[in-house]
Amino acid sequence: MKRIFTMTALACAGLLTATACSGSDSGGGSSDGPVTVTVMTWESAQTNAAIKKALADFKDDNITVQLVDTPAGNFGDKLASLTQAKKLPDLFWCGNDTEQQYTSQGLLVDWSSKIKDGDGDFKADNFVPSAMENWKTADGQMGGLPSLMNTYGVWYNTDAFTAAGLQVPKAGWTWDEMYAAAAKLANKNGAKYGLVADNLTSLDGPFTMGMYSVSAGGAPFTDNVNHPTKAEADAKYTEGVQKLVDAIKSGSVSPPGYDVANVQSLFSAGKVPMMFGGQWLAAGFQTDKPKVKYGFAPFPQVDTPTTLYDSVGICTPTYTKNQDATFKVLEYINTKVWDVVQPASPVAPPAYTPAQASYFDALTKAQQPTVVDTVKADLGAEKTVGVRFTTQWAQQVGDLTTANYQPILSGKKPVSDLPAYIDKINGLIKTAG
Amino acid sequence: MTTLPTEATALAGTDQSGADPAAPPARKKPRLVGTMAWYVVALFVCAVMIVPLLWMITIGLKSRTAVFDIPPRLLPHEWTWSNFLNGPKAIHFPRLLLNTFVITALSVLGGVMTAMMTGYALARLRFPGRKVWFYLFVGSMLLPGVVGLIPLFQLYKSIGWYDTWLPLIVPAFLGGNPLFIFLARQYFLAIPYSIDEAAKIDGAGHFRIFTQVMLPLTRPAWLTMAILAFQASWNDYLNPLVYLYTSGKWPLSVGMASFISPFAGKTPDWSYFMATNLLYMLPPLIVFFAAQRYFIQGLGALGSTTQK
Amino acid sequence: MSRVSPVTSGRERAGRNRGGMSRNAGSDVKAAYLFIAPAIIGFTVFVAYPLIRSFYLALTKYNGLTDPVFVGLGNFRRLFTVDPAFWPALRATGYLVLLYVPLSLALGLALAMFCNQRFAGVRVVRTLAYLPVVLPAVATITLWKFILDPQVGLLNTILDRLGLPTSLWLQSPKMSMPAVVLVMLWGVGGTMIIFLAALQSVPTELYEAARVDGAGPWSVFTRITLPMISPIMLLQVILQTTAALQTFNQPKILTNGGPGFSTNVLMLSIYKNGFPNLGQIPQLGYASAQVWVLFIIIIAVIALTAKFSSLWTYSDNTPD
């Protein structure tokens, strides 16, 4: 009995040590000699495989590139955890808001000087200008470089439109036309809502609504998503909100709280006639081919074409072991990697303009002409609206939106409560901004 | 006040307490109606408990796109048995299963061991502060786990235990479950001291008394505790979620939950998920059916030991 | 409360030098502390330290990376006056407790009484009722998430076939919390087993005596059964209420706060503030303040319930 006990104790000790050891990562290489640069993305498994292949072509004697495995569904949690543990990989995909927040906390490497006087073609001038602007903090620092542009539009089910005798959406269509189509398409052929517009009803809703007011000649929700000074809802904005409230009430547009987790599959099955979405769904539709004919149209307008504007990029933590090596890999990703990845997985147009050609070629080859047209139109749109605040207190805005804006959309509060919500946002900007 | 588990086994076997043999067996008709009513309700209860699981199996057998057919069909059109292979592969099921086993085994061992040791000392040894410590340990049952969440998270981070299994296992080895300590003490108090005497006369020291005399005697107690600890650890979701971020280190609970979280508009694959879910449910089910008696006894003991 | 007889202590002194660790009073103490040493360490590290540290953190602004900044009662001020999410979180938590605790106790007791009868197959019913408790929580919660899907889920399919009204369940602000409670109630088997044990330790003589006196089933229930199991009922009320106040898994997996704030219970709100998603800066000090509010609520509930317990529980004062 005593022997059994001793054996058990030893086994436990062994297991505990093993778990403790498996926990500690082996440190990086020494500062001289080969350097390993780690990269973490949020792309799907297919896209990641393509990226890995492209990275294998990076030829440098001193640098090995390693793609860190991340299940796409948990990128946010993982990013937060790695930040806390101070174990962020050398290059990680990040949104504009993350970059702004982290840079102002001093967590990221500042690339602004390197990119301003870059070597060869890899310099600021060759990037989409507005992306460059948005990635700078108030004091000109750039905690990362934009890599891909996000464009948004309306995915539509061509078959449903033809069956209902409606004209498919195309550039220049209006908000009223959209709502009318949604009303006609709702509750037909297994579809519940005619339009699922998560961008309009989620926490980013107030910003998306700015497209209506700007297109009508009014003011956006906020003057600058990175360094806002005020929020406002002018007469045109309120008009847009009213139209949305009416559409939700009539059941043609999905209300706030609609779970969009399954929307992509429902769209592929033909159960969602129209949905707001990003151009990256095109890559998903390559692998899971939808049963229906579909297309991608720009957002509707009132008078002038307006679209949402967003970009994602790649950031580096300050404790990266070798900044030069990391920058070299960063340059490689932004310039060369997308040429290899896009044909298999056309995710997004790169922010580095010379690399954009491969994206459009890939889409044309995949017979997605509507996507090509819409993305090109979006990139060239004269009026754009930011997607969300990128400030440190952005999370609190989410709570205010949930408490004040979304009830207006669901009809629980009257539209006349809109100014009260704006006041609260302005109050927050004043105290926290 | 204390009842040994022998009393509690009464509930596991007999179903006779309600019926009263002394009552007159007359009035058969209402009895028949009563019996029919009982069986109808029983059927309903069983259905509510079982149908979700059966449905899970049908989803697991459907193909990926068939899941979103509207209106949904109850039986799958094509029987996609491959889901049971592909689904687990997609989240590296074997690896996560191994992780869960190791974490759970160690937690159970630690929890039961320290609870029995502490309960033994509190019940059978005289020492100053015995009552104080008992009240402190039991009082800590009142402390909601959430109070410790953030300070312990920072503590583990600062000693480098972040992203290891140690935060999940070590608390068990340090008397992390006061309920078990309470239960252990109850069981130990019920053992007559004559047994101690006999062992002492034979020249046994504390340690030998504990391992060779006490533990075998209280087997129902620590078996029950082991099963409760197994359930608690196998089910734990919040703690691994907070302390582990490398997906290769996750136990099944976090792995399965991450399966269904969408990102950037990509729908989770429900048919894969349901197939894997079935496999995820199997180990606790097997343990349950093997040790059913002790499972039910464990909770029952909670019911009777505190029944004054 | 000495349970060692004088005879024993005499023997202790006599047996001083026999065997490994000798059993005299001094070595008793040493052995005892050795036995409970792990628990003492555990108590210090996992109970005392978090209590003190979390209270300190509640008075600071802390993002986990830089040092905490003392802000006094600022967190609490923000919590009670400015934060638009706090009062809805309290409301959601209260709603959950009010829905779940009475229902689970009533259902558990009803099921226990149901299974406490002599019918063929009662063991099957009992096992099946307990089955959901055995299954891993994440497995069952994620399963129910899909069952409650308004378009392709099982529940709406069945309701539709039966001609009953369907609902958006987790996506409807009104029904989201009832849906969450429904999922929680699927595990009522655990409560059932505890009540079953309590019911079976009620002495049958009482029932026989009542029958002899001609009492009907309702009086038997209210005058005998309920009082006899009232200590267990009290324990269950306390345990279920404190557990319900700390519900996390179901809201997190099913709705992550639900439409609006309808299922954003306090535990979930704490988690969102302390461990936020996608590169938002954690607010650990603020989350700690919320933790303390929850803690005070739990202590208050336990104290109140225990205080009023003597009013309605029956305690068997026979000496053991």
Side-chain angles (χ1 to χ4, degrees), chain B residues 1 11 15-19 38 42 45-46 49-50 52 55-56 68 70 72 114 117-118 120-121 125-127 136-137 140 143-144 146-148 150-152 171 174-176 200 203-206 234-235 237-238 253 256-257 260 270 277 280-281 284 288 296 299-300 302-304 306-308, chain C residues 15 18-21 23 28-29 31-32 35-36 38-39 41-43 46-47 50 53-54 116-119 122 125 128-129 131-132 134-139 142-143 146-147 151-152 154 157 193-194 197-198 200-201 231-232 235 246 248-249 253 267 274 284 287-288 291 295 298 315-316 320:
Chain B
M1 175 176 99
L11 77 88
D15 310 310
Q16 293 163 2
S17 20
W38 191 92
V45 170
C46 291
M49 298 297 165
I50 266 280
W55 189 71
M56 178 181 78
F68 285 98
I70 297 174
T114 49
M117 277 169 41
T118 314
Y120 173 72
L125 300 179
R126 304 182 60 197
F127 60 96
L136 276 181
F137 290 144
S140 65
L143 186 78
V146 65
V147 175
I150 292 171
L152 289 176
L174 294 178
K200 268 181 271 169
H206 289 292
W234 192 271
N235 265 338
Y237 172 58
L238 177 59
S253 50
M256 292 302 291
I260 61 158
W270 287 102
N277 215 11
Y280 175 38
M281 290 182 180
F288 172 61
I296 296 189
L299 285 185
L302 187 62
S304 19
T306 38
Q307 181 90 330
K308 281 193 138 214
Chain C
R18 303 239 199 122
M21 270 192 252
R23 276 275 268 194
D28 238 23
V29 179
F35 270 85
I36 69 171
I41 301 177
F43 180 82
F46 299 114
V47 178
R53 178 91 179 147
S54 72
N116 199 20
Q117 307 193 36
R118 193 181 62 170
F119 282 103
V122 70
V125 181
L128 280 183
L131 194 64
V134 170
L135 300 173
V138 172
T142 47
L143 173 63
F146 199 54
I147 291 178
Q151 286 172 289
V152 289
L154 179 67
T157 314
I193 292 290
I194 297 182
Q200 290 181 341
S201 41
I232 270 295
L235 182 68
Q246 296 179 71
F248 173 77
N249 292 349
I253 297 179
M267 268 303 288
L284 292 168
S288 298
V291 164
F295 185 33
I298 292 178
S315 60
D316 183 358
D320 1 274

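In what follows, every chain begins at residue 1, and chains take the letters A, B, ... in the order their sequences are listed. Side chains are part of it too, since the values below use all heavy atoms of this structure and drop only hydrogens, waters and symmetry mates.
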Shortest non-hydrogen pair, C:Val152 vs B:Trp55, comes out as O-CZ2, 3.8 Å
Straight-line distance of C:Met267 CE to B:Leu238 CG, nearest 0.5 Å: 5.5 Å
Does the side chain of B:Phe137 reach to within under 4.5 Å of the side chain of C:Val47, using non-hydrogen atoms? no
Per-residue tally against chain B (heavy atom, under 4.5 Å) across C:Gly274, C:Pro50, C:Ser54 peaks at C:Pro50
As an exercise: rank C:Asn249, C:Ile41, C:Ile298 by heavy-atom pairs under 4.5 Å with chain B and give me the winner. C:Asn249
Between C:Val125, C:Ile253, C:Thr142, who has the most heavy-atom pairs with chain B when the cutoff is under 4.5 Å? C:Thr142
For the candidates B:Asn277, B:Leu152, B:Ile150, B:Leu174, which exhibits the highest count of non-hydrogen atom pairs separated by less than 4.5 Å from chain C? B:Leu174
Under 4.5 Å to a heavy atom of chain C? For B:Ser253 that would be both
Run the side-chain contact (heavy atoms from CB on, under 4.5 Å) test on B:Trp38 and C:Val122 for me, step by step, so that the C-alpha distance in whole Å, both residues' side-chain angles and the decisive distance to 0.1 Å come before the verdict. CA-CA 10 Å; B:Trp38 191 92; C:Val122 70; 3.8 Å; yes
Region of B:Val147 that comes under 4.5 Å of a non-hydrogen atom in chain C: both
Beyond-backbone contact of B:Met49 with C:Leu131, side-chain heavy atoms, under 4.5 angstrom: no
Flag side-chain contact, heavy atom, 4.5 Å: C:Val138 against B:Tyr280: yes
With under 30° as parallel and over 60° as perpendicular, where do the rings of C:Phe146 and B:Trp270 fit, or are they tilted in between? parallel
What one should report as the nearest heavy-atom pair of B:Pro52 and C:Leu154 is CA-CD2, 4.5 Å
Which heavy atom of B:Asn235 sits nearest to which heavy atom of C:Pro136, and what is that distance? OD1-CA, 2.7 Å
Any non-hydrogen side-chain atom of B:Thr118 less than 4.5 Å from a side-chain atom of C:Phe35? no
